[in-house]
Structure formats: structure tokens, C-alpha cells
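Heads up: the structure comes next, in C-alpha cells.
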Amino acid sequence: MKKKFGNKDVWIAYGLILPALLVFAIFMFYPFFYTVYLSFFDWNMIKPVKEFIGLANYKALFADPLMPLVIKNTVEYILILLVLNCVAPYVLAFVLSFVIKRGRGFYKGAFFLPSVISLVVGSILYLWVLNPVSGPAAILAEFLGINIPIWSKTQGLVIVVLSIITTWKIFGYNFIVIFGGVSGVPQEIIEAAKIDNVPLYKIFFDIVLPMSSATGVYIFIMTIVQGLQYVFTPVKVVTQGGPDNASSNIIYNIYQEGFVFYHTGYASAMSIVAMVLFIVLLVIEFRYVEKGIYYEN
Amino acid sequence: MKEIVFENVCKKYGKNLIIDNLNFTIKSGERLILLGASGCGKSTTLRMIAGLEDITSGNLYMNGKRVNDISSGKRNISMVFQNYALYPHMTVADNIIYGLKVQNIAKAEISSRLKAAVEMLELGGLENRKPKDLSGGQRQRVALARAVVKRSELLLLDEPLSNLDAQLRVHARKELVKIHQTYKQTFIYVTHDQVEAMTIGDRVAILDKGRLQVIDTPSNVYNKPANIFTAKFIGSPGMNIFAAAYADHFLKIGKQSVKLPEFWSAYIGKRNCREFYLGIRPEHIFLQNEKRKNSFVGVVKYVEEYGSHCGIYFDLEGHEVVASGTNTALKPGTNIYFTLDSARMHVFDKESKKNIGYPEVCYDNVYQYQSV
Amino acid sequence: MRIESNLKWHILLILALFISLMPIVFAVSTSFKELSEAYSNVLGIIPDKPTLSNYLRIFQELPLNKITFNTLVVAATVTIFKVITSVMAAYAFVYFDFKGKNLLYFILISTIFIPFTMTMIPNYLIISQIGLRNNIMGVILPQLSDATGIFLIRQAMRSIPMPLIEAARLEAAGNFQIMANIVLPLVKPAVISTGIMFFINSWNEYVWPVLILKDTTNYTLPLALQLFVSSEGGTDFCLAMAVSVVTMIIPLGLYLIFQKYIINTFTSSGVKG
């Protein structure tokens with residue numbers, strides 16, 4: 001407890017925080033609770049009177065025949081995203097920190113590059129690149145004798161494509177932050193393991209992963225949060241939820257219910273379900289990850 | 001000039017008592033050393049004077065004024081930090097005069113003070129460099145220059161030489177004394193190095209576990225240590241301390257006993273000390289080749305070579321004792337005979353561990369070597 | 001042996017990079033192709049008959065100058081405010097002790113994890129109520145502060161050795177002087193890179209503006225871009241790619257200029273509390 005500034009200066013501290021706090025209070029905390037409030041009402045944003053209907057929105061939500069599909073899509077999307085944006089960048093960061101010796105700066109800079117580009121641009125780029133008939137990927141695939149399926153009309157594939165697009169955006173940021181955590185593992189520890197002839201995969205699992213787990217957990221959470229937010233853009237730009245809601249997920253559904261059908265209360269209830277889903281995912285994954293670490297040790 | 005008074009000063013971090021009831025006065029214009037091992041509270045004490053740490057309880061006075069609640073900037077002090085705390089983005093010159101600029105001192109005055117400081121600390125030609133382009137010794141001198149230009153009455157130094165190599169340190173010590181002689185500020189200097197403490201300090205305050213053990217001149221701290229902690233802490237190796245007893249003119253250590261000179265017998269007898277701790281510095285043990293009357297006998301354990309002399313470690317009735325000597329050929333396991341310089345003996349009370357004092361003949365000008 | 005195994009990794013990395021960067025190359029290339037060539041010479045990086053017609057057309061068909069200007073205003077305003085509020089708050093969190101500091105910091109930072117959907121409806125209502133719908137001010141207003149910025153700049157400030165601040169305080173420097181003369185110059189790289197990221201993110205922002213902005217003249221670039229995509233399959237990719245290039249040129253330029261700062265800030269941000 002070092003002495004910092006005198007107590008009489010405390011008001012300066014509050015004053016310095018106030019502008020940020022004000023913005024957060026008005027556009028973050030208040031809306032958060034107002035969404036909870038709205039979820040108990042039937043309202044269309046325009047009617048002067050909100051009708052209190054208790055848990056009816058939630059009941060309707062769980063009775064909605066579309067809901068299971070929407071949730072399944074969301075979970076699938078997140079799982080693919082986690083593999084592509086947590087596991088892959090982790091391995092990449094490990095390789096870059098401890099395996100290869102040249103070109104670190106170049107790779108870091110280049111891998112980060114797509115994350116500064118608009119997701120709308122990304123969506124359009126992939127719409128073109130992955131175009132099953134005339135896109136570069138299709139033409140390259142043709143050389144190899146493979147046909148790219150018409151993914152925009154194929155149930156499972158749509159989600160894969162959406163995941164690829166958001167991955168393109170998120171990967172670089174995740175990679176850089178994970179690289180920071182991984183390269184924070186002292187080089188001597190890795191060298192000591194190499195002298196003992198510990199294989200690379202064991203160095204990764206036994207040393208690097210546990211020692212950088214704080215960063216790993218952070219990225220894990222951020223991938224879910226960002227992924228859910230980002231997916232809205234490609235869905236809106238590329239598929240509009242189609243085909244037959246095959247690409248619709250809970251985030252896009254909230255948008256549609258809220259801003260297309262004006263089911264404000266219903267959309268609010270769905271937002272809360274989405275957040276709960278997000279928290280549940282976190283808890284399950286934490287259990288799993290924790291067990292994994294225990295097992296490894 | 002600034003006089004500083006600590007009155008029942010305590011400092012707690014949570015439940016940990018870091019500084020335990022400090023009471024002492026730093027005289028105006030003196031060079032006071034705060035000496036102790038790491039974690040003893042010496043830096044905390046310095047930082048309380050600087051106003052960088054809150055005082056949990058008690059009062060701190062500067063020139064009679066209570067300053068507990070005065071912010072650092074208003075205490076008019078200069079400080080040299082352990083890692084110098086040079087602003088990495090400023091040039092040497094800007095580092096030195098930053099504080100003067102903040103205080104809106106006139107430009108002409110600033111440049112004349114800068115010139116004087118640069119000259120005194122031999123920083124000419126480095127004014128436009130950044131700290132990262134300086135050697136360790138140069139950085140240290142910049143930090144000193146920054147502290148000097150302020151012309152404050154109080155200069156605090158927190159282990160300012162600990163990052164220098166041994167040769168630079170000797171030079172820097174002289175420089176510090178020169179600065180003090182030029183500006184005559186009150187100097188408060190934290191160190192864990194006793195050589196620095198002895199060479200720089202007018203007085204040395206030794207702290208242990210947040211308590212003040214002693215505050216005295218370097219000579220007294222070394223020659224008349226106030227308690228066992230001080231005796232052991234100062235000197236390298238420290239003073240030998242072992243349990244001893246007095247009975248009927250005889251000094252008893254374990255099973256061995258020798259007759260004490262009359263001045264000690266009278267002194268100890270008068271104070272009715274039967275059992276006590278006896279202290280003797282390595283250089284005040286006289287080794288002999290053969291057994292004499294009045295000599296103790298020990299068994300050699302090992303010999304440490306120092307170059308100019310050596311330290312002979314031996315066992316005396318179960319106590320490890322070290323003596324200064326020149327004979328490196330002593331074999332472990334052989335007997336060694338020695339006497340103690342009775343005028344350089346120290347007696348510490350068994351309970352309080354405090355020095356009981358010395359008979360008048362000790363430290364007398366006409367004192368002559370007298371073997372026990 | 002060592003070189004051989006490294007080569008294997010390098011090939012893998014280059015392949016991954018190729019996959020992630022090729023779309024950008026295709027976009028630039030296609031934007032300079034005529035529509036017929038775009039479909040006949042898909043893989044050709046350099047167009048056979050390079051043309052600027054796509055660019056000329058998009059500026060004719062859309063008020064693209066106005067749209068670019070809107071985007072710039074939004075991104076610049078948001079960036080300036082986010083940087084200022086973040087620096088102020090971070091300074092308070094690092095250099096002051098006050099009641100409830102840790103709790104307040106925790107609450108502010110935890111907002112990073114609140115899904116956007118939890119706030120979008122009420123924010124839409126607020127912006128509508130104060131009459132800023134279909135107005136770039138309505139896009140700007142909820143984005144004047146940013147928890148990530150507070151986090152990153154606080155991390156940077158915490159890495160300044162405390163004795164530097166103490167030395168300045170001994171010189172009787174006040175808060176303003178310490179902030180301006182010591183802290184800001186030392187956290188400049190973090191402030192710059194955080195600011196650049198704010199700017200880029202705001203420039204690219206789509207979800208919130210799409211809710212607020214209705215008229216094409218009030219659009220920002222990402223919204224304009226979407227006008228060229230038709231889900232029915234009739235997308236004119238040459239035009240879409242031209243708008244894409246216009247949209248990404250500023251973020252890419254900024255990134256290339258400030259790349260070192262940005263990479264370092266995010267690499268060292270870490271998660272150490």
C-alpha cells in the first residue's frame with residue numbers, strides 16, 4: 001500500500017473516471033437492466049403502453065419450433081469458432097515463439113492484417129472467393145477434381161462458411177494476444193525441456209499451455225463474445241438467415257425479432273437467453289478445460 | 001538546514017508492523033546513515049521522510065513542524081532513488097532541471113545551476129543524451145545532479161551506489177561527501193553496505209525488523225556496540241559472541257577459565273554479572289604458537305584466505321570463533337592457543353543483550369595492549 | 001535436421017498466410033477488372049485490361065464522398081473521446097487510491113464481456129428518443145468510452161516504474177504536470193496503438209450503424225458496401241470489390257504505418273490483472 005496522492009485529491013480521481021463512467025452508465029448499465037425489464041412485457045417499440053405479461057415471452061420462446069434449430073446453429077458456430085480461433089492460434093503462437101527462429105515479426109504482422117479490415121468487406125470477399133461456380137476457390141478446386149458444393153443452399157455448410165468469415169476477422173487479434181501470453185513463458189524453461197529431449201507436443205501441453213492459461217482463458221471468453229457479435233454481419237450481408245433459417249442463429253434472430261418484426265419484449269427475452277447460453281457454455285467449457293489440465297498433470 | 005524528529009512513529013501494511021515505534025532525531029546538516037539488512041524498514045523510514053509513505057501512527061517533525069500530512073512536493077527535499085528514476089524520455093539536461101522548471105524558477109537561474117551541477121558531477125558533453133545512452137556511473141551522477149540543483153536542505157539517498165561496480169563506488173563515495181561539504185544539506189542515506197555507512201556517515205542508525213537498534217558515530221558503532229545485534233552486524237566477519245561467566249576474578253568459557261585483569265574484575269563484580277555474553281572481534285584475538293599461562297585452547301576447523309590476512313575458524317567449547325591471523329598453514333583438527341585483548345572485550349547483559357559498558361582504561365588514550 | 005524441421009513449419013505458416021491474405025489480393029485485382037474479365041480470368045492477379053470504370057461508377061452511383069466523410073467523422077470523434085476518457089480513467093486507477101477503486105474497475109472491465117444484444121434495444125430507444133436516429137451523432141454517442149481502452153492504457157501506465165512518478169512528486173509537480181510531462185510521453189506507444197485500433201474498429205463498425213442510419217447520404221462505408229450485395233445472387237462483384245477497396249484502404253494504411261506499435265501493445269497487453 002504505497003502512498004499515492006493525498007486523500008484530499010480523491011475527488012480528482014472520481015472526476016477523472018466520471019466521463020467514462022457516465023458513458024457506461026447511460027449506454028451499458030442502464031440498457032442492460034432495461035433489457036431485463038423489457039423481457040417481461042409485450043411491446044412493439046411504438047405502442048404507448050407496455051403490457052406486462054410476466055414470463056410469457058420466455059414461455060413462447062421455448063415453445064417456438066424454430067428455437068432448437070437456432071440454438072443448435074449458435075452452438076455449432078461457436079464450437080467451430082473455438083477450434084479455429086483458440087486452438088489454431090495457440091499452436092501457431094507456440095510454433096512462432098519456440099520452434100522457428102526467423103521471420104517472427106513478419107508473420108505476426110501478416111497474420112494480424114485481416115483483423116483491421118471491415119467484416120462487411122470480409123463477407124463480400126468470401127462470397128466471391130467461395131462462390132461455388134466462378135470463385136477462385138472453386139476454380140482452384142476444379143484443378144484438383146473437387147467440386148465446391150453450393151454452400152449457401154446446404155444446411156450444415158452455411159455455418160462453416162460463416163465461421164470461416166468471422167475467423168478471418170478474429171484470428172489475427174487472438175493470435176497476437178495468445179502470442180503475448182505464450183512468449184511470456186521464459187525461454188530458459190523451454191530450453192531446459194529441449195535439453196531433456198522432451199518432445200514438442202509435450203512441451204506444448206505440459207509447459208506452455210498451463211503457464212499461459214490466463215491468456216488462454218481470456219481469449220476463450222473473448223472468442224465467444226466477439227464471435228457472437230461479429231456473426232451478425234456475415235449473416236446479414238451474405239445469407240440473411242437462409243436457407244430456411246439454416247444459418248440463422250440467436251444473435252441474428254434477436255435482430256430480426258427486435259428490428260424487423262418489432263417484437264421488442266420477445267427479442268429482449270431472447271437476448272437474456274443468449275447471455276445465459278453464453279454463460280452456460282463458459283461454465284461447461286471451464287469444467288472440461290479444468291479437467292483436461294488436471295488429467296495432463 | 002533541517003532537523004528531523006521521529007516521535008513514536010509506526011508503519012503498518014495491513015497487519016504487518018513494518019516500523020515499530022521509531023524515536024530519534026536527525027540533526028541539521030549531518031550525514032545520517034540508515035543501515036540494515038533488506039526488509040529491516042530502512043527504505044520505508046526514508047520514504048516516510050520523503051512523504052512517499054503514510055505514517056500509520058506517531059509524529060514526524062521537520063524543523064519543529066509536524067509534517068505527517070504535508071505532501072512530498074511541499075517538503076522541499078531532494079531524493080536519489082535506487083534505480084535513479086531518470087525520466088527515460090528526457091535528455092540529461094532536462095532530467096536535471098525538470099523540477100526547477102516545474103517550480104517556475106527563472107531561466108537564468110536554472111541554467112547557472114545546471115552549469116554548476118554539470119561541472120561538479122563531470123557530466124559535461126552528456127547534456128543532450130538520453131539516459132539509455134549513459135553508463136551506470138553516468139546515470140548515477142545525473143541522479144545526483146538532479147538532486148543537487150534543487151538546493152534543498154534535505155537530501156535523501158536510497159541505496160544510490162548499489163548499482164555501481166566496486167571501483168566506481170569508491171569514487172562515488174568521495175563525490176557524495178564533496179557534495180555535502182559544498183551544500184551542507186542534511187543528508188539521509190540508506191544502505192545495506194557497512195563500508196559505505198562507515199565512510200560516509202557522521203552517524204549511523206542501524207535498524208532491524210523495524211526497530212532502531214542503535215544510532216551513534218561509526219567509530220562508536222564499531223568499537224562500542226550498544227547491543228549484540230549491532231556487534232554482530234558490523235564488521236566482516238562480525239564480532240564473536242559467546243556465553244561466558246564470571247566468578248571470583250576468573251572468566252569462564254565452557255570448561256576453560258582464565259584470570260581477568262583487575263579493571264574488568266572490578267567492573268563486572270560491581271555490576272554483579274555472573275553470566276553474560278562476551279564479545280570479541282577477530283582482530284582482537286591473539287593467536288600463539290604454544291600454550292601459555294592464561295591462554296585458551298581451541299580446535300582449528302578451517303581457514304579462510306582474504307589476501308592481506310586470513311580468518312581462522314576454530315571451535316571453542318562448542319562455539320565457532322573466528323580470529324584474524326596470517327598463518328594459513330594451520331591444519332584442521334590441530335589445537336590453537338590464544339589470548340583475548342582485554343581492553344577490546346565487550347560484555348553484554350544476558351537478558352537485555354545490551355552492552356554493560358567499559359572500564360575506564362579501555363579506550364583510554366594511554367591505553368596499552370593488555371592480554372587477558 | 002533443425003533447418004529441415006523449421007522449413008516444414010515455414011511452409012505451413014506461408015500456406016496459412018496465403019489462405020488468409022489471398023482474398024484481399026483478389027479483391028484489389030477484381031476491382032480493376034471489367035465484369036466480363038472478372039468471370040473469365042478469375043485467378044489472374046494482374047488484370048488483362050485494367051480499368052478504373054468500377055471506381056468511377058461507384059462514385060457516380062453513390063454519394064461516396066459524403067459517406068466517406070461520415071465515416072471519418074464518426075471514427076475520428078469516437079477515437080478522440082475514447083482515448084481521452086480511457087487515459088483519464090486509467091490515470092485515476094493507477095495513480096490514486098480511493099474507496100471502491102477495485103470494485104469500480106472490475107465493473108467497468110466486465111462490460112467487455114456483455115453481449116451487444118443485451119444493450120442494443122434500449123440504446124436504440126435512447127437514441128430515437130433524443131432524435132438522433134438516422135444521424136451519425138446517434139452512432140457516435142454510445143461509443144464515447146471504451147473498457148478495453150481503459151484496460152490497455154492502465155496496463156501501460158502500470159509498467160512505468162513508480163519511482164519516476166515519486167521523483168516528479170518530490171519536485172512538487174502536480175497531477176497535470178505528471179500526466180503531461182511524465183506519464184503521457186511514456187505511454188505514448190500504447191495510446192497511439194489503442195487510438196489507431198479505436199479508429200479502425202469504428203471505421204469498420206457495422207452492427208450499430210445499420211440499426212441507426214436509414215438514408216444513404218447518412219451511411220458509413222460498411223453500410224454502403226452492403227448495398228452492392230444482393231442475396232439473390234445478382235451481386236456485381238467488380239463494384240463491390242471497388243467499394244471494399246475504398247473501405248479498407250484507410251485501415252490498412254494506418255495499420256501498415258503503425259504496425260509495430262499495434263503489435264507490441266497487443267502482445268504485451270497480456271492478462272495479468
Side-chain angles (χ1 to χ4, degrees), chain A residues 4-5 10 12-13 16-17 19-20 23-24 27-28 31-32 34-35 38 95 99-100 107-110 112 114 116-121 124-126 128-129 134 136 139 168 176-177 179-181 184 214-215 218 221 225 228-229 232-233 237 240 251 254 258-259 264 267-268 271 274-275 278, chain C residues 6 9-10 13 17 20-21 23 26-27 30 39 42-43 85-86 88-89 91-92 95-98 104 108 111 113-119 121-123 142 144-145 150 162 175 200 204 206-207 211 222 225-226 229 231 235 237 240 244 247-248 251-252 255 259 263 266-271:
Chain A
K4 293 181 177 175
F5 291 95
V10 160
I12 298 178
L16 286 169
I17 294 173
V23 176
F24 283 111
F27 294 107
M28 199 58 100
F32 182 90
Y34 197 64
T35 299
L38 282 177
V95 170
V99 183
I100 66 159
Y107 285 124
K108 279 197 288 181
F112 191 76
V116 304
I117 296 174
S118 159
L119 201 46
V120 185
V121 172
I124 291 175
L125 297 194
Y126 275 90
W128 168 249
V129 169
S134 56
I139 291 171
W168 185 74
I176 288 299
V177 176
F179 180 85
T215 307
Y218 167 76
I221 298 172
V225 176
L228 281 179
Q229 183 158 332
F232 174 83
T233 306
V237 174
Q240 261 106 48
I251 301 304
I254 293 167
F259 293 97
T264 310
S268 299
S271 302
M275 195 179 64
F278 159 61
Chain C
N6 270 351
W9 286 114
H10 279 294
L13 290 171
L17 263 187
S20 94
L21 298 184
F26 280 128
T30 307
Y39 286 96
V42 175
L43 296 183
T85 54
S86 297
M88 284 167 66
Y91 187 85
Y95 298 112
F96 286 90
D97 274 325
F98 52 90
L104 199 58
L108 286 188
T111 60
F113 303 110
I114 295 180
F116 176 72
T117 43
M118 276 306 286
T119 56
I121 292 171
N123 276 343
L144 295 180
S145 188
I150 298 176
M162 205 41 115
N175 279 311
I200 291 174
N204 293 334
Y206 175 72
V207 184
L211 296 181
L225 194 49
Q226 163 216 287
V229 184
S231 56
T235 306
F237 276 107
S244 294
T247 307
M248 68 188 173
L252 274 181
Y255 173 64
Q259 186 196 351
I263 297 286
F266 284 102
T267 310
S268 62
S269 67
V271 196

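Predicted model only: the values in this text are computed from it and were never measured. Below, chain A is the first sequence line, B the second, and so on; all start at residue 1.
- Between C:Phe96 and A:Val10 the shortest side-chain heavy-atom distance does not fall below 4.5 Å.
- The structure places OG1 of C:Thr111 at 4.5 Å from CE of A:Met28, a figure rounded to the nearest 0.5 Å.
- At a 4.5 Å heavy-atom cutoff, the contact between A:Phe24 and chain C is made by side-chain atoms alone.
- For C:Thr30, the part sitting under 4.5 Å from any heavy atom of chain A is the side chain, from C-beta outward, and nothing else.
- Of the listed residues (C:Pro142, C:Ala240, C:Ala89, C:Ser86), the one with the most heavy-atom contacts under 4.5 Å to chain A is C:Pro142.
- When heavy atoms are compared at a cutoff of 4.5 Å, C:Thr119 approaches chain A by way of both its backbone and its side chain.
- Between chain C and the residues A:Ile221, A:Ile124, A:Leu119, the largest count of heavy-atom pairs under 4.5 Å involves A:Ile124.
- Between chain A and the residues C:Phe26, C:Tyr255, C:Phe98, the most heavy-atom pairs under 4.5 angstrom are made by C:Tyr255.
- From C:Phe266, atom CZ reaches atom CD1 of A:Ile176 across 9.5 Å, with rounding to the nearest 0.5 Å.
- When the candidates A:Pro114, A:Gly258, A:Ala274, A:Gly109 are compared by the number of heavy-atom contacts under 4.5 Å with chain C, A:Gly109 comes out ahead.
- Ring pair A:Phe278/C:Phe113: centre-to-centre distance not below 6.0 Å.
- Both the backbone and the side chain of A:Val120 come within less than 4.5 Å of a heavy atom in chain C.
- Heavy atoms closer than 4.5 Å to chain C are found in the side chain of A:Val225, but not in its backbone.
- Atom-to-atom distance recorded for A:Met275:CE and C:Thr117:OG1 is 9.0 Å, nearest 0.5 angstrom.
- The CG atom of C:Asn175 lies 4.5 Å from the CD1 atom of A:Ile12; values are rounded to the nearest 0.5 Å.
- Heavy-atom distances place both the backbone and the side chain of C:Phe116 under 4.5 Å from chain A.
- Heavy atoms of C:Leu43 lying under 4.5 Å from chain A belong exclusively to its side chain.
- Contact tally against chain C (heavy-atom pairs below 4.5 Å) for A:Val129, A:Ile139, A:Ile100: the top residue is A:Ile100.
- When atom types are taken as modelled, the side chain of C:Asn204 and the backbone of A:Val116 share a donor-acceptor pair closer than 3.5 angstrom.
- No part of A:Leu228 comes within reach of chain C, as not one of its non-hydrogen atoms sits under 4.5 angstrom from that chain.
- Scanning all heavy atoms of the two residues, the minimum distance from C:Met118 to A:Thr35 falls at O-OG1, 2.5 Å.
- Both the backbone and the side chain of C:Leu13 come within less than 4.5 Å of a heavy atom in chain A.
- Considering every non-hydrogen atom in both A:Trp168 and C:Pro23, the closest pair reads NE1-CG, 4.5 Å.
- The distance from atom CG of C:Leu144 to atom CZ of A:Phe27, rounded to the nearest 0.5 Å, is 7.0 Å.
- Interface remark: A:Trp128 contributes backbone and side-chain atoms alike to the contact with chain C (heavy atom separation under 4.5 Å).
- Across A:Ala110 and C:Leu21, no two heavy atoms sit closer than the pair O-CD2, 3.8 Å.
- When each of A:Phe32, A:Tyr34, A:Tyr107, A:Phe179 is scored by its heavy-atom pairs under 4.5 Å with chain C, the top score falls to A:Tyr107.
- Contact record, C:Val207 with A:Gln229: CG2-O, 4.2 Å, taken as the closest heavy-atom pair.
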